[in-house]
Amino acid sequence: MNAVRKVNFSFIGIIIFLYALLTAGCLNNCYFWDTVQQISKEGHWFYQTNFRYLIIPSQNSLTDMVVTGYHPPLMGMLTAALWKIFGVHLWVSHLLALICFFVLLYQTLKLVEKFFPAHQAGWVMLVVFLEASLLAQFSIASPDFILLTAFIASLRGLLERNTWLSSIALIFLFGSNMRGIFAGIALWMSFQFYLYLNSGKKFSFKVLAASVRPFLPAIILSLLYFIFYFRMNGWFSAVSEEGGHYSLPENISMVAKHFIEFLLRSVENGRIIVWAFSLFAFYLVAKKKVSISNEFKMLICCFLILFSIYFLFVFITRMPFSGRYFMPHFFLLTLITLSVLSSRLTEKRWKATVLIFLLFELTGHLWMYPEKMAKSWDCTLAHFPYYELRKQCFDYIDRQNMDYEKISAGFCLYGDRGFTELNHAGKKVNTEIDNQYFIYSNISNLPDEWIDELHNPARWKPLRSFEKWPVNITVFENISFKQAEK
């Protein structure tokens, strides 16, 4: 037993070392991807208004601070509160992520110990924490990392009938964003199924009441938020515009493309190996070749519900998928697959399977696509050169005394630098391509026609390029503007 503990502690020590190293390397990195809006902009709103208003109006006097659709604002409020205590610094968000990491580590370990023999726990922890999307989301201090932490703590609390743990965790889960609410709904439905199984498959009001009780604080707070939101901004006013993410697809072709995107985001960055082995695992479960507990059935139920929610979105929305959306149900899929295989494979073969999983996870940071193929850069550490190249690019622009009114850029590079870097406020990069200068980067996932336009030498001239594999940033000048000046 002591030898087993030493092995598990060694694995956990490796995980802690890697995440601490990642924290040190990211401590002063600027906000990236959607964290600019969900953490920085919303945090600035609550910070600058001193928490006087719960809802960010769709129109307000504070520049660039717009509502993020109907997502609950807990992450912005928490960030603003920490800024009030420690000052407005980038490291505040990264240290919050580190604190959440230790919570996630502990809760995951306790959950893993429920479904695996002691000598396998360390191996499973290594697979879970080295997953590419999880590492990347931690590195950018994403709300989805906090969401996953709350999800796993909620799951453990529900399985152990720990009302305090589950209730507190569910508040953070529901308050993180709409995906947290989806995850909470899946937890409630699967928890009700779990209680139904434990009651001898007899549904009663007592079972329903018991399933709702841990969720009540989160449900009440969420309802209050949505009542305030709808009174101020109307029914989905910020996200229901025609052609937006939550509008219906126009035709079958769009649905087909959306379905392919769903599949790609599900299996990319090394996840494909877990999905491949999971087919065999679910076959064994379906054929009743393995005995599973009611707790394990709850995991399977929760996975199927979460997967079904996003699968449904393929057909009823235009929402662009990201690998981070799938972290909760992929976490469950990993546990389910490894647990089933543990009961059917010899110890040697099971560990060989774990090593294959780890190998594929390492390749997750090397999945590169053609220029015109969109990539979820926030789900891989391959985006790391972006921070250095971004600084070099804007240093060049400032040295050349370029007028920011004449500069445009794609995603991650446009907007007020103050929200992204927490300095250089007022240096705002525009979004339209018809401008004198355009900052192009493969990080931005520009539309195909924009890429073609920028690579047209008759229209655009590259002034300066900054490259560090696999990221590149180029400042282009619109030749027509230069000719007009002459």
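For the numbers below, each heavy atom of this structure counts, side chains included, while hydrogens, waters and symmetry mates do not.
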Which of these, [options], sits in a ring pair (Phe, Tyr, Trp, His ring centres under 6.0 Å) with [X]?
X: F262; options: F315, F307, Y325; result: F307
X: F11; options: F17, W123, F129; result: W123
X: F313; options: F326, F321, F182; result: F182

Taking only Lys NZ, Arg NE, NH1 and NH2, and the carboxylate oxygens of Asp or Glu, determine whether [X] and [Y] approach each other closer than 4.0 Å.
X: K391; Y: E421; value: no
X: R265; Y: E268; value: yes
X: K114; Y: E295; value: no

Does any non-hydrogen side-chain atom of [Y] lie less than 4.5 Å from one of [X]?
X: W33; Y: Q137; result: no
X: E131; Y: N269; result: no
X: D416; Y: H44; result: no
X: S222; Y: P72; result: no
X: R271; Y: L333; result: no
X: L104; Y: F145; result: yes
X: M298; Y: L158; result: yes
X: W83; Y: F46; result: no

Spacing of [X] atom [atom1] and [Y] atom [atom2] [to the nearest 0.5 Å]:
X: L224; Y: I219; atom1: CG; atom2: CD1; value: 12.0 Å
X: L284; Y: L341; atom1: CG; atom2: CG; value: 7.5 Å
X: L299; Y: N294; atom1: CG; atom2: CG; value: 11.5 Å
X: K468; Y: Y387; atom1: NZ; atom2: OH; value: 13.5 Å
X: N162; Y: S154; atom1: CG; atom2: OG; value: 11.0 Å
X: I336; Y: H329; atom1: CD1; atom2: NE2; value: 10.5 Å

Please check if the side chain of [X] supplies one atom and the backbone of [Y] the other of a donor-acceptor pair under 3.5 Å.
X: N177; Y: G180; result: yes
X: S444; Y: L446; result: no
X: H94; Y: G25; result: no
X: S176; Y: L173; result: yes
X: N442; Y: P470; result: yes
X: S40; Y: F419; result: yes
X: T163; Y: P214; result: no
X: T363; Y: L366; result: no

> Taking it one step at a time, do F277 and F357 satisfy ring-ring contact (aromatic ring centres under 6.0 Å, His included)?
Replying inline: CA-CA 10 Å; F277 276 83; F357 280 19; 5.4 Å; yes

> So among I443, I439, D378, which one has a side-chain contact (heavy atoms from CB on, under 4.5 Å) with C412?
Replying inline: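 It is I443, the one option of I443, I439, D378 that forms the side-chain contact (heavy atoms from CB on, under 4.5 Å) with C412.
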
In terms of relative ring orientation, are [X] and [Y] parallel, tilted or perpendicular, with 30° and 60° separating the classes?
X: F32; Y: H383; answer: parallel
X: F303; Y: W275; answer: tilted
X: Y283; Y: F280; answer: parallel

Got a sec: does the [atom1] of [X] have more than 12 other heavy atoms crowding it under 6.0 Å?
X: M77; atom1: CE; answer: yes
X: K289; atom1: NZ; answer: no
X: W469; atom1: CH2; answer: yes
X: Y19; atom1: OH; answer: yes

Looking only at heavy atoms, what is the nearest atom pair of [X] and [Y], with distance?
X: N8; Y: A118; result: ND2-O, 2.7 Å
X: F384; Y: C26; result: CZ-SG, 3.3 Å
X: L422; Y: H89; result: CD1-C, 3.5 Å
X: T334; Y: V127; result: CG2-CG1, 3.8 Å
X: V290; Y: S343; result: CG1-OG, 3.3 Å
X: F51; Y: A80; result: CZ-CB, 3.6 Å

> Would V124 and L335 count as a side chain to side chain contact (heavy atoms under 4.5 Å, CB included) if you check the C-alpha gap in whole Å, the side-chain angles of each, and the deciding distance to 0.1 Å?
Replying inline: CA-CA 8 Å; V124 177; L335 290 193; 3.7 Å; yes

> Please walk me through it: do F101 and I16 pass side chain to side chain contact (heavy atoms under 4.5 Å, CB included)?
Replying inline: CA-CA 9 Å; F101 158 73; I16 292 173; 4.2 Å; yes

> Is the charged tip of K297 near the ring of Y194: under 6.0 Å from the six-membered ring centre and within 45° of its axis?
Replying inline: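 So K297 doesn't make the cation-pi contact.
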
> Should E388 and Q392 be marked as a side chain to side chain donor-acceptor pair (under 3.5 Å) after you check the CA-CA gap, both sets of side-chain angles, and the distance that decides it?
Replying inline: CA-CA 6 Å; E388 178 185 348; Q392 292 175 5; 3.2 Å; yes

>> Evaluate L187 against C302 for side chain to side chain contact (heavy atoms under 4.5 Å, CB included), listing each step before the verdict.
In response: CA-CA 6 Å; L187 279 173; C302 191; 3.9 Å; yes

>> Run the side chain to side chain contact (heavy atoms under 4.5 Å, CB included) test on N445 and W377 for me, step by step, so that the C-alpha distance in whole Å, both residues' side-chain angles and the decisive distance to 0.1 Å come before the verdict.
In response: CA-CA 9 Å; N445 290 332; W377 289 98; 3.9 Å; yes

>> Testing the 3.5 Å rule here: is there a donor-acceptor pair between the side chains of H71 and E42?
In response: no

